[in-house]
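This report refers to the structure that appears directly beneath it.
Lettering follows sequence order; numbering is per chain, from 1.
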Number of protein chains: 2
Amino acid sequence: MISQKAKYALRALIDLAEASHDDPVQISDIAASQDIPRKFLEQILLDLKHQGLVASRRGKAGGYILLRAPEAITFGEVLRIIDGPLAPLPCLSKTAYHRCVDCKDEAACQIRRVFAGAADATRGVLDKATIADAMGDAGRAGAATVLA
Amino acid sequence: MISQKAKYALRALIDLAEASHDDPVQISDIAASQDIPRKFLEQILLDLKHQGLVASRRGKAGGYILLRAPEAITFGEVLRIIDGPLAPLPCLSKTAYHRCVDCKDEAACQIRRVFAGAADATRGVLDKATIADAMGDAGRAGAATVLA
DNA sequence: AAATAAGCCTATCGACTTAATCGACATTAC
DNA sequence: GTAATGTCGATTAAGTCGATAGGCTTATTT
């Protein structure tokens, strides 16, 4: 299960992607239209800013804009920022590898071999699906970036 | 990330599968050979028993046995018992569906469409991989039950 | 320059979950 | 009947999750 925070982050990014690119969108507007607690969204957008996905302007008429094309932001990237590694085991993460605390011999780990397949499958989907895929009206083909 | 408890459960089942099927294996033996806290393993095996994966005998010379062939116990089933639904969103679970709390229109949910692909991919792997796939020595072909 | 409107940032909260432990009880073998 | 074993509920300490609070900084407006 992905966290509520990750859902909020994705929805906020989709919201930003769908907004006119001319001027920044305010936190409160996103919060209102996506029904996200204002202060919580503040933290989320700050995270996304620190990771280079969005930029902000302060002061009156400030707000947020997307820093990249919606096609260039994947679900996988957002989930890693908010929820941490996608991998089912720490020793299978490409982006945040570390040994399982109780692991004696990684190469011989019986569980690891199976989960490696699961990790690849998940990454295959989430690192290909983008904010752009989630935009627009329901019926759109291409939305389901299936497994090839 | 799967829980420590789920890792223990899988390792315990593999241990049981690799033991001689003649007489029951004691909790303490599994705990020792797999390096799992004894009392914690007790709870885990009880869960697995309640779900019909293993059977137990009490009293002296008691212990646990597998109730099914290792080929007939999937990783997915074990994970669902210990960690709950595999699906990334509650509204995508086949075994424990329920609406997201804040969901207005499920069919139109932009996020859901993408995660549906991820859920299928994960299930595709974990509902095919079995305890038998994880048994035996490292090099074994077939261990990687890849995506087809 | 003061007032106001926005984002920035850190701390804190209560509820829940996780990993683990404890202790009393029930059952079986010998 | 005693020792060995599984059963089961309660408890704990630490961590996470979702959310809120409040002061700070920056920019605009008047």
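For A:Tyr64 and D:dA27, the OH to P distance is 14 Å, given to the nearest whole Å. B:Ile44 places its CD1 atom 17 Å from the P atom of D:dG9, with the value rounded to the nearest Å. As rounded to whole Å, 13 Å separates atom P of D:dG6 from atom CD1 of B:Ile65.
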Original post:
When you look at A:Phe75 and A:Thr130, which way does the side-chain contact (heavy atoms from CB on, under 4.5 Å) test go after all the steps?
Top reply: CA-CA 6 Å; A:Phe75 271 54; A:Thr130 69; 5.9 Å; no
Subject >> From CA spacing to verdict: salt bridge (Lys or Arg N to Asp or Glu O under 4.0 Å), B:Arg38, B:Asp29 >> reply: CA-CA 9 Å; B:Arg38 163 94 211 294; B:Asp29 291 349; over 6 Å; no
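Looking at A:Cys109, A:Pro88, A:Cys100 one by one, the single match for side chain to side chain contact (heavy atoms under 4.5 Å, CB included) with B:Lys7 turns out to be A:Cys100. Of the candidates B:Leu16, B:Leu66, B:Leu13, B:Leu13 is the only one forming a side chain to side chain contact (heavy atoms under 4.5 Å, CB included) with B:Leu48.
For residues 56-72 of chain B, the set of pairs meeting the side chain to side chain donor-acceptor pair (under 3.5 Å) definition, not counting sequence neighbours, comprises B:Lys49-B:Ser56, B:Arg68-B:Glu77.
Sorted by residue number, the members of residues 49-61 of chain B with any non-hydrogen atom under 4.0 Å from DNA chain C read B:Arg58, B:Gly59, B:Lys60. Within residues 92-102 of chain B, no residue is approached by DNA chain C to less than 4.0 Å at the level of any non-hydrogen atom.
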Per-pair distances, 0.1 Å, donor-acceptor, side chain in residues 116-126 of chain A, under 3.5 Å, sequence neighbours excluded:
unit_1   : atom_1 : unit_2   : atom_2 : d
A:Asp120 : OD1    : A:Arg123 : NH2    : 3.1
A:Thr122 : OG1    : A:Ala118 : O      : 2.8
A:Arg123 : NH1    : A:Leu92  : O      : 3.3

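When all heavy atoms of A:Tyr8 and B:Asp102 are compared, the closest pair comes out as CE2-OD2, 4.1 Å. Residues B:Ala129 and A:Val114 approach most closely at CB-CG1, 3.4 Å, considering heavy atoms. Listed here is the closest heavy atom pair of A:Ala31 and A:Leu41: N-CD2, 3.5 Å.
Contacts between chain B and DNA chain C, taken as any atom within less than 4.0 angstrom of a protein heavy atom, begin and end at C:dA19 to C:dA29.
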What does the list of N/O pairs under 3.5 Å between the protein and nucleotides 15-22 of chain D look like, with a distance for each?
unit_1 : atom_1 : unit_2  : atom_2 : d
D:dG18 : OP1    : A:Gln4  : N      : 2.9
D:dA19 : OP2    : A:Tyr8  : OH     : 3.1
D:dT20 : O4     : A:Gln43 : NE2    : 2.3
D:dG22 : O6     : A:Lys39 : NZ     : 2.1

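Heavy atoms of A:Ile27 sit under 4.0 angstrom from primed sugar atoms or phosphate atoms, though from no base atom.
Distance check, rounded to the nearest 0.5 Å: CG of B:Asp23 to CD1 of B:Ile65 gives 10.0 Å.
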